[in-house]
Every structure is written in structure tokens, then in C-alpha cells.
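The structure appears below as C-alpha cells.
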Amino acid sequence: MDSRPRETDAPGDPANGAAPPPAAAVAAAATGGVEITKPRNDKRGYRRVVLPNALECLLISDPDTDKAAASMSVSVGYFCDPDGLEGLAHFLEHMLFYASKKYPIEDSYSKYIAEHGGSTNAFTSTERTNFYFDVNSDSLHDALDRFAQFFIKPLMSPDAVHREIKAVDSENQKNLLSDPWRMSQLQNHLCDENHPYHKFGTGNWDTLEVKAKEKGLDTRLELIKFYDSHYSANLMKLVVYGKDSLDNLQNLVENKFCDIRDIGRKPFSFPGHPCSSEHLQILVKAVPIKQGHTLRILWPITPNVRCYKEGPCKYISHLIGHEGEGSLFYILKKLGWAISLEAGEGDWSYDFSFFSVVIRLTDEGQEHMEDAVGLLFRYITLLQTSGTPKWIFDELQTICETGFHYRDKGPPIHYVVNISSNMQIFPPEDWLIASSMPSKFSPDAIQNILNELTPGNVRIFWESKRFEGQTNLTEPWYGTSYSVEAVPPSIIQKWVAEAPEEDLHLPKPNIFIPRDLSLKNVEEKVSVPFMLRKTPLSRLWYKPDTMFFTPKAYIKMDFHCPLSQSSPESAVLTDVFTRLLMDYLNDYAYDAQVAGLYYAVKPNDTGFQEAMTKEYENFKFRQPYQQVLYYCSLMLDEQAWPWDEEFSALSHLEASDLGNFLPHLLAKTFIECYFAGNIEPNEAKSVIQHVEDVLFNAPISVCKPLSPSQHLARRIVKLEKGLRYYYPAMCLNHQDENSALLHYIQTHQDNVKQNVLLHLLALIGKQPAFHQLRSVEQLGYIALLRQRNDSGVRGLQFIIQSTVKDPANLDARVENFLKMFESTLYQMSDAEFKSNVRALIDMKLEKYKNIREESAFFWGEISEGTLKFDRKEAEVAALRELKKEELIDFFNDHVKVNAPQKKILSIQVYGGLHTAEYQTIVQNAPPPQSCEITDIYSFRRSRPLYGSFRGGFGQMKL
């Protein structure tokens with residue numbers, strides 16, 4: 001780049017309408033004058049600090065933020081697991097959340113975060129473990145003090161260690177029937193046993209408890225030893241994001257994190273590639289859990305991170321993964337062989353990497369696997385022999401630069417995790433930009449990677465249920481059935497030669513790359529949407545950008561078509577139509593997506609064959625907790641159709657059915673529109689006028705305005721007061737040992753006062769529920785309490801997935817928790833109550849970070865028909881007046897065990913371990929004040945419904 005402004009620690013360029021700054025802004029750091037490249041519209045301040053204990057930190061000051069956040073990346077992952085103690089690094093990640101010498105009460109860290117509007121989590125990867133949280137900005141100091149103790153003096157009591165091994169085991173149980181986990185581990189398995197890539201990183205009861213004891217190992221002592229020998233300050237990277245000044249953030253970090261030990265641990269490295277020659281030139285046939293055919297072609301390559309400024313993998317994946325005319329995917333789709341294609345760098349570190357091409361095949365494509373692979377290698381040969389046109393690199397660079405400089409501000413918690421991870425890999429000047437923006441055109445670097453994508457270097461993984469009974473090997477950790485065949489280069493050359501002759505060629509120049517990024521001069525300075533235009537055919541809501549000042553617009557059009565969801569057949573045909581429309585547009589519009597213009601045509605509840613068939617067939621393989629959520633929606637939503645009826649309808653449909661259906665689908669419609677962002681009122685009007693002209697005013701038009709009586713409603717079942725409904729069902733996948741419970745307590749329909757009471761109750765109860773049901777009772781890895789909102793009908797729901805107890809038992813544990821929580825609520829001090837209210841107010845007042853967030857809220861009000869654009873302000877006003885007694889009254893009326901007004905729906909999915917318990921519950925008579933639901937649709941028809949905001953007076957009077 002040319003001249004860059006030299007800044008100190010102050011935030012960046014003022015939005016004063018001056019000429020745009022050079023291509024990249026730069027934040028000068030406090031130590032060593034390191035310059036951190038940042039987006040030109042980024043007004044946040046950045047400072048790099050290295051503490052005396054060698055902990056490297058990045059401080060981010062954002063005076064406008066409502067949320068503070070922090071992330072610590074530790075350069076220790078499961079590659080460091082001792083042999084025979086698989087999952088130890090992951091288990092340590094779990095244990096650090098429990099307690100510390102300074103805060104010895106179990107779960108006090110997570111409780112503090114939850115009660116102050118935040119969230120917290122962690123993950124363990126191959127070479128890193130990342131811990132992170134966010135919290136209301138005024139609570140950062142105390143949150144950081146608790147967070148720092150993870151790395152100073154954690155406590156790992158024998159009891160907590162024993163309990164948390166069960167949580168790790170439950171997490172692994174959750175993944176056992178997940179194809180992504182299974183296929184990833186199979187790739188790990190088929191490599192050099194002496195390379196850590198071969199390891200199983202999650203851990204389970206067998207590795208951390210049973211086998212450890214057999215070897216005479218005390219897992220707790222091994223855990224402490226691992227922590228003491230691996231967790232050193234010099235291997236850690238910290239990012240702290242807050243509204244304080246950089247000086248105050250620096251004082252805070254120096255004070256909180258100075259006591260982390262630095263034992264001068266040498267950074268771990270794992271030289272060499274996981275794949276030796278015996279693991280190349282192979283074809284692996286694997287049997288997945290779900291229906292479908294997937295082809296994964298992998299090559300070990302030189303890691304892109306070694307030449308990230310040249311970005312050779314970005315260049316190559318752009319071309320191999322292209323979907324426009326002449327691309328590999330375009331040809332495969334034209335032949336009817338492929339549903340999707342993705343290309344890019346997969347698993348990687350500084351020492352090794354894989355380039356992967358993943359193709360989802362159709363049934364016909366499954367019969368032409370060799371031709372598909374042949375076409376792929378023919379396209380790679382085209383890239384190898386046609387040079388590396390610089391204009392393609394220039395296009396990519398322009399797109400990446402635009403994406404970086406006009407990147408939306410996102411949640412701080414995501415930002416800090418991303419940056420702390422980057423800090424382990426990239427030099428300080430590139431911590432924000434990482435490898436997202438190639439800047440040096442290097443034909444040699446591109447050619448070097450292309451030269452590694454050869455038949456002699458390939459690993460092919462082919463997944464299909466059709467291989468059942470044809471395999472002879474089993475992967476040990478997940479039980480995946482597979483077989484391995486040799487595929488020498490001569491075979492692949494034969495596939496190349498025999499593949500059909502098709503016109504593969506490079507893409508044409510992208511006409512959608514934006515050239516004019518100027519901001520529109522809009523006179524309307526409004527804080528909420530207003531109705532710009534209304535006709536019998538459409539209604540246009542408009543909200544200009546008065547906050548973000550980015551060259552982006554957000555447009556939403558909802559076609560209200562009464563026929564679209566009138567039956568299972570209609571729902572399926574509408575889905576088919578929208579998919580075909582997206583597919584038809586893809587060849588032309590793919591370039592727009594590449595350039596940053598995203599669009600989608602989706603069916604919704606008021607409007608707008610093979611992949612769909614597979615999706616329906618795979619419905620039964622959803623996790624049990626997903627099944628209980630499905631059943632709950634099916635029971636509550638008057639217009640929901642069951643998946644099996646839609647599947648049955650799909651299997652009987654012909655192409656002619658769609659042709660007959662389409663004129664009727666659009667015969668009567670009304671268009672609800674929302675335009676926001678960098679767009680002028682006249683532009684918005686002209687767009688919707690054009691849509692009306694095409695649909696309604698053409699010489700031959702099938703579309704007519706929607707009659708007032710046809711405006712669509714969304715109505716929700718009202719449960720019975722004082723009655724507990726329960727619905728027991730066997731898990732759709734009989735192989736799944738997990739059971740699940742959804743315990744739903746329906747409270748009220750949209751009402752400002754009751755909304756905040758419910759939200760406050762959920763805020764106060766969230767962490768105690770997690771701690772009791774998961775950490776203490778170890779019912780399962782998934783154990784949570786959250787709000788539920790069905791078109792304005794609100795309530796609380798507990799969701800638990802477990803192999804430990806059957807759903808009826810889980811239901812009893814929820815009731816037991818509510819009895820415990822009752823005393824917690826009654827004994828809450830006034831100070832605690834006010835603190836929780838303040839935390840919720842801060843959450844409600846959190847500003848939108850980008851146009852998409854703002855639009856999601858306003859569109860939600862429009863699409864639901866509530867139109868409460870001042871909802872947040874009204875709810876904050878109600879919170880300021882709220883009394884503790886009102887919260888207790890709300891709990892006593894709606895939530896307390898045996899409350900006279902309480903309305904309960906208990907959805908119970910029984911897994912393979914609890915078949916006997918299922919038989920018992922369906923044979924026994926219902927307990928007092930309980931009613932078993934034996935037929936969902938009879939239940940739905942028999943219950944009264946809440947009124948609908950949509951299509952009601954709230955909208956129609958406008």
C-alpha cells in the first residue's frame with residue numbers, strides 16, 4: 001500500500017464526510033511501534049501489550065459498545081494429549097470453569113457472567129484451546145477477575161473431576177451418530193499412527209476413567225500435571241474488548257493477568273505430514289448414518305499460511321469451487337450428477353494442510369463417481385496449463401478488500417475469539433486481517449499448489465448408504481464401517497480419459513463487483529421504519545441508514561400466498577418451486593454472491609427432487625433434542641404439517657403437478673416489503689413498482705390482489721390451566737441411545753409487563769438450572785433453560801438430552817429444580833434483584849451492531865404483525881418500575897410447581913436405552929392433573945387458539 005496514516009492509540013478516522021482514507025488504516029501499537037492493519041471505517045482503538053510474564057495481549061477500546069468481551073487462546077490442544085489419555089486437553093477445558101482458589105464456590109464464574117447479561121464458552125482444537133465470554137460492558141472488571149483465575153489457580157476437586165468426566169462422555173455420546181464427526185475421525189484414523197492427527201480428541205468415560213484406572217493412573221493428578229506443565233503465559237494470547245480507554249484497559253489487564261505463571265514453555269510443534277505414502281492413492285468407501293452420497297477428494301499440500309499474502313489456496317478454491325458457466329459444478333449439475341460442490345483448504349496447521357473438494361452427488365451421480373473425479377482432474381489440468389491470469393487475482397483482491405474494509409461490526413464475543421486465534425499464527429500487523437486479503441500476486445505460489453493436486457497425491461473418501469454390507473473395516477472411536485482400495489494414478493488417468501467431453505473453462509469477468517461505494521444522501525432521519533407506500537398489492541416499509549454509514553442495503557419481500565401452506569402437498573410444491581428458482585438463478589447470480597451481494601428465495605409460512613427426498617429421509621436421524629423441538633412446534637402451530645405427510649406427498653408428485661400448481665400459487669398474493677440501509681426512497685418505490693408491474697400489470701398476468709378475508713394469520717394453541725399434557729414417543733432413530741425432554745411452561749401472549757417478567761425470570765434461572773441439571777446431577781451435556789416465543793405466545797422451556805435417565809425421570813428432575821429455585825427466588829435480596837434488573841436493562845438497551853441486526857428486529861415486528869417498533873424502550877420503562885414482589889407473583893402464578901394457572905406441555909422422546917420405560921409410560925394411566933397426548937392432530941383440533949397479530953387490526957387499520 002502507499003502512504004498510511006500514522007496513528008497513536010486513538011480511535012480511527014472520524015466520519016466527517018472527508019475524502020476516503022488510503023486502502024488500509026493502521027493502528028500504531030504501544031510496544032515496538034507495531035502497526036495493526038484495520039478496516040478504514042473502524043473507529044475502535046487497538047493496542048498491543050506484552051506483560052512481564054510474556055503474556056501477549058491485544059486491547060480494543062470501543063466507546064460505543066454495550067457488550068465487553070475477552071478471549072484467551074492457549075497454544076495447547078489435543079495434539080498434546082498423553083498417549084492413552086485421549087481427551088485430556090478437552091477435559092481440562094471443561095474443568096477450568098468449575099472453581100478457583102480466589103472464587104472457590106463452584107460455578108461462580110458462569111453464574112456471574114449469566115447474571116450480568118453475558119455468555120461464556122470454550123473449545124479445544126488440535127493445537128489450541130480457546131476460552132471466551134461476553135458481558136454487559138460495565139461488568140467487565142469483575143468478569144475479567146474471575147476469568148483470569150482459570151490461568152492462575154484453578155481448583156479441581158475429586159468430586160468435580162468425577163462428575164465432569166460424565167459431561168465429556170455425554171458430549172461424545174451426542175456426537176456418535178453425527179456424520180461430520182464420524183467422517184472427520186475416519187480421515188484422522190487413516191493416517192500415520194505416530195502423528196497426533198491420528199488421535200481422538202474428545203475423550204469419553206472409557207479413556208478418561210476406565211482405561212486410566214486400568215493403567216494405575218489418577219485422572220485428576222494427570223489433569224493437574226498436564227495443566228502445570230503445559231499452561232504457561234508465554235503460550236497464551238489474550239484479547240480484551242471494552243468501552244474503557246486503552247490506558248484503563250491496559251491497567252486492568254496488567255492487574256488481573258500478571259500472576260499467570262510463565263514457565264518458559266517451548267511452543268509445541270508437530271513437524272511432518274500426517275499422511276505417508278501408504279495413506280495416499282486410496283479410495284475409502286464409508287457408510288454414513290444419513291442418506292445421501294458425498295465425495296471428498298483430499299490432497300496434502302503446503303499450508304497456505306506460509307504464503308498467506310499471496311493467497312494461492314484462495315485463488316484456486318475460487319476457481320474449482322466456482323458455480324458459473326463453464327465451471328466444474330456447472331457441468332456436473334447440467335449432467336444431473338451433483339447437488340453442491342465446495343472447495344478449499346481443510347484441516348491445516350503451520351506444518352501440514354489438506355486441500356479438499358467436497359461434492360454432494362445425486363443418485364445418478366453416485367453411478368458416475370469415476371466420471372466426476374475425472375472431470376475434476378481435467379479441470380485441475382486446465383488450471384495447471386492455462387497460466388494464472390492476473391485479472392482473476394485482481395478481482396479477488398478487490399472483493400476481499402471491499403469485504404474487509406466494509407465488514408459489519410459483529411458481536412464482540414466473536415471478534416475476540418477470531419483475533420486471539422489469529423494472534424497464535426500471524427504477526428501483529430495482520431491480527432485483524434489474517435489471510436482474508438491476498439495482496440501479492442504470485443503465479444509461482446499458485447502453480448506450486450496446483451502441482452500438488454495430482455493423482456499420485458490424492459485421498460478419496462466416498463460416503464453412501466449403498467456401501468452397507470460391502471465394507472470390511474471399522475473405525476474404532478465412532479464405529480464407522482469402511483473399506484480401502486488402492487487407486488494408482490493410472491486408474492485416475494483412465495477416469496479422466498473416459499469422462500464426457502464438456503466445455504470446461506475459466507469464469508468470465510465478474511460484472512457485480514461494486515465500483516461505487518458512496519453513501520446516499522437521504523433526508524429522512526428516522527429511528528424506526530415508516531410506511532413509504534401502500535397499494536392493494538403491496539405494502540412498503542422503509543428505514544434509511546442513520547447509524548452505520550456503510551454502502552449496504554437490506555431488502556426483504558414476503559409474498560403472502562394462501563395456497564403455499566394450505567396442505568402438505570402445497571407446502572412441498574412451494575419448497576420445490578423456490579429451490580428450482582434458486583437453482584435457475586444460480587448460474588447468473590453466483591458472481592453477485594462472490595462479490596458480496598447475497599440473496600435467497602425461501603418458502604415461508606405465508607408464501608413462497610432428490611435433495612429434498614434425502615432431507616426427509618434423514619429427518620429421523622436428527623438428534624433427540626431436535627426431535628422434541630419439532631414435536632413441540634408441531635403441537636403448538638396450527639398450520640404446521642408433519643414431516644412424514646410432506647415426505648409422502650413428495651414421493652407421489654410429478655413434474656406436471658408443479659406446472660399445474662404454480663399459476664394457482666401466485667393467483668392471489670400480497671407483498672409485504674422492507675427496505676433499509678443505503679437506498680433512497682425513490683429507489684425503493686421503483687423496485688416494488690417494477691415487481692408489481694411484472695406480477696400484476698403484465699398483459700397476461702395470473703396474479704390478483706389478495707382479498708381482505710384471505711390475509712393470513714398465525715395462530716398458536718392455548719394450553720389448559722392447571723393441566724400437564726405429556727407426549728411420549730420413541731426416538732425416530734432406533735440406534736440412538738440418547739433420550740430427550742422438552743418441558744414447556746406456557747405463560748402469556750405478547751404483553752410488555754409480562755414479557756419483562758418472563759425474561760427476568762429466565763435470566764435469573766438460566767445458570768442455576770444448567771449448574772444443577774448438568775454440573776451437579778450430570779443428566780446430560782445438553783441441559784438448558786430458555787425462553788420460547790411462538791408468534792408472540794411466550795413461555796419457558798427446559799431442554800435436556802440424556803442417556804442417564806429416561807424422559808419421565810428428567811421431567812421429575814425439572815420439577816425438583818423448580819422447587820429448589822423457588823427458595824432461591826424467595827430469598828433473593830433487594831440488591832440482587834436490582835442487579836438482575838440492571839443487567840436485563842443493559843441487555844435490552846444494547847445497540848444494533850450492523851444493518852442486518854437492526855433489520856432483523858424491525859422485520860420481526862412487521863412479519864409478526866405486532867409493529868411494536870419501540871418494544872425495547874417500552875420494556876426498559878417497565879423494568880425500571882418493576883418490583884420484586886411482582887416477579888414472585890408471576891412465578892407463583894405461572895411457573896411454581898402445582899401453580900393453579902400453570903400450563904405444561906412435556907415432550908418426551910425415548911432413546912434406545914429407555915425402550916422399557918417408554919412401554920411403561922404408554923401403558924400406565926395418566927397421573928392426576930395430567931393428560932397423555934396420543935394423537936397430535938386431535939389434540940391440536942381440540943384446543944382453543946390465541947388470536948393472531950398478523951393479518952389482524954394491528955396491520956389492517958394501516
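Everything quoted here is computed from the prediction, not taken from an experiment.
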Discussion item. Are Trp431 and Phe426 an aromatic pair, judged by ring center distance below 6.0 Å?
Written reply: no

Worksheet item: Cys307 and side chain to side chain contact (heavy atoms under 4.5 Å, CB included): which partner among Ser442, Cys313, Pro312?
Response: Pro312

Discussion item. Please determine whether ring pair (Phe, Tyr, Trp, His ring centres under 6.0 Å) holds for the pair Phe147 and Tyr132, giving the CA-CA distance in whole Å, both sets of side-chain angles, and the decisive distance to 0.1 Å.
Written reply: CA-CA 9 Å; Phe147 183 63; Tyr132 53 96; 9.1 Å; no

Worksheet entry | Within 6.0 angstrom of Gln384 CD, more than 12 heavy atoms from elsewhere | yes

Discussion item. Could you check whether Arg265 and Tyr231, counting side-chain N and O atoms only, form a donor-acceptor pair closer than 3.5 Å?
Written reply: no

Practice prompt. Measure up the Phe268 and Phe270 rings against each other and bin them: parallel (under 30°), tilted (30 to 60°), perpendicular (over 60°).
Written response: parallel

Worksheet item: When you check the side-chain N and O atoms of Ser232 and Asn234, is any donor under 3.5 Å from an acceptor?
Response: yes

Discussion item. Just verifying a value: how many Å separate Ile260 CD1 and Leu235 CG, rounded to the nearest 0.5 Å?
Written reply: 11.5 Å

Item to complete: Kindly compute the distance separating CZ (Arg48) from CD1 (Ile36), expressed to the nearest 0.5 Å.
Response: 8.0 Å

Discussion item. Has Thr207 got a side-chain atom pairing as donor or acceptor with Gly203's backbone, closer than 3.5 angstrom?
Written reply: no

Worksheet item: Will you find, in the side chains of Ser420 and Ser73, an N or O donor that is under 3.5 Å from an N or O acceptor?
Response: no

Worksheet item: Please walk me through it: do Tyr379 and His322 pass ring pair (Phe, Tyr, Trp, His ring centres under 6.0 Å)?
Response: CA-CA 11 Å; Tyr379 191 76; His322 209 279; 9.2 Å; no

Practice prompt. Check for a donor-acceptor pair, side chain of Arg182 on one end and backbone N or O of Tyr478 on the other, with a separation under 3.5 Å.
Written response: yes

Practice prompt. Give the intermediate values and the outcome of ring pair (Phe, Tyr, Trp, His ring centres under 6.0 Å) for residues Phe91 and Trp205.
Written response: CA-CA 11 Å; Phe91 181 39; Trp205 181 261; 10.0 Å; no

Discussion item. Could you check whether any side-chain N or O of Lys215 sits under 3.5 Å from a backbone N or O of Gly84, counting only pairs where one atom can act as donor and the other as acceptor?
Written reply: yes

Fill in: Thr129 side chain vs Val76 backbone, donor-acceptor pair below 3.5 Å
yes

Worksheet item: Taking side chain as C-beta onward, heavy atoms only, is Val253 less than 4.5 Å from Leu59?
Response: yes

Worksheet item: Is Glu222 salt-bridged to Lys225, going by a charged N under 4.0 Å from an acidic O?
Response: yes

Practice prompt. Over all heavy atoms of both residues, which pair between Ala343 and Val357 is shortest? Give the atoms and the distance, please.
Written response: CB-CG2, 4.1 Å

Fill in: Under 3.5 Å: donor-acceptor pair, side chain of Thr219, backbone of Leu208
yes

Worksheet entry | Six-ring centre of Tyr350, Arg306 cation under 6.0 angstrom, axis tolerance 45° | yes

Worksheet item: Does the side chain of Thr302 pick up a donor-acceptor pair with the side chain of Glu452 at under 3.5 Å?
Response: yes

Discussion item. When you measure from the side chain of Asp81 to the backbone of Gly87, do you find a donor-acceptor pair of N or O atoms at a distance under 3.5 Å?
Written reply: yes

Worksheet entry | salt bridge (charged side-chain N to carboxylate O under 4.0 Å, His left out) between Asp430 and Lys309, worked out | CA-CA 10 Å; Asp430 291 329; Lys309 289 187 182 294; 2.9 Å; yes

Worksheet item: Considering only heavy atoms from C-beta outward, does the side chain of Leu55 approach that of Cys57 to under 4.5 Å?
Response: yes

Worksheet item: Is it true that atom NZ of Lys266 has more than 12 heavy atoms of other residues, nucleotides or ligands lying nearer than 6.0 Å?
Response: no

Worksheet item: Checking His293 side chain against Ser464 main chain: does a donor-acceptor pair fall under 3.5 Å?
Response: no

Worksheet item: For the residue pair His189 and Tyr482, does the interplanar ring angle fall in the parallel (under 30°), tilted (30 to 60°) or perpendicular (over 60°) class?
Response: perpendicular

Item to complete: Return the orientation label for the Phe226 and His230 ring planes: parallel under 30°, perpendicular over 60°, tilted otherwise.
Response: parallel

Worksheet entry | Steps toward side-chain hydrogen bond (donor to acceptor under 3.5 Å, both in side chains) verdict (Asp347, Ser353) | CA-CA 6 Å; Asp347 292 344; Ser353 181; over 6 Å; no

Worksheet item: Are Phe133 and Phe150 close enough that their ring centres sit under 6.0 Å apart?
Response: no

Worksheet item: Is there a side-chain contact (heavy atoms from CB on, under 4.5 Å) between Val487 and Ile492 once you walk through the steps?
Response: CA-CA 7 Å; Val487 186; Ile492 290 182; 3.6 Å; yes

Worksheet item: With no hydrogens and no angle check, do the side chains of Asp169 and Tyr781 hold a donor and an acceptor under 3.5 Å apart?
Response: no

Worksheet item: For residues Thr124 and Glu93, is any side-chain donor paired with an opposing acceptor at under 3.5 Å?
Response: yes

Discussion item. Check whether Asp134 reaches the backbone of Ser119 with its side chain - one donor and one acceptor, N or O, closer than 3.5 Å.
Written reply: yes

Worksheet item: Just by distance, do the side chain of Thr385 and the backbone of Thr381 share a donor-acceptor pair under 3.5 Å?
Response: yes

Worksheet item: Is any NZ, NE, NH1 or NH2 atom of the basic residue among Glu86 and Lys199 found under 4.0 Å from an Asp or Glu carboxylate oxygen of the other?
Response: no

Item to complete: May I ask you to check whether Phe257 and Phe151 place their ring centres under 6.0 Å from each other?
Response: no

Discussion item. Do Leu176 and Asn172 make a side-chain contact, defined as non-hydrogen atoms from C-beta onward lying under 4.5 Å apart?
Written reply: yes

Fill in: Glu171 and His94: side chain donor to acceptor below 3.5 Å
yes

Item to complete: Could you tell me whether Lys314 and Glu345 make a salt bridge, using a distance below 4.0 angstrom between a side-chain N and a carboxylate O?
Response: no

Discussion item. Please check: side-chain N/O of Arg407 versus main-chain N/O of Pro39, any donor-acceptor pairing under 3.5 Å?
Written reply: no

Fill in: Where Leu280 and Cys275 come nearest, the two heavy atoms and their spacing
CD2-CB, 4.0 Å

Worksheet item: Quick one: do the Tyr109 and Thr120 side chains pair a donor with an acceptor below 3.5 Å?
Response: yes

Worksheet item: Would His195 and Phe352 count as a close aromatic pair, with their ring centres under 6.0 Å?
Response: yes

Fill in: Aromatic ring proximity, centroids under 6.0 angstrom, Trp462 and Phe467
yes

Item to complete: Please work out whether the ring planes of Phe441 and Phe393 are parallel, tilted or perpendicular, with thresholds of 30° and 60°.
Response: tilted

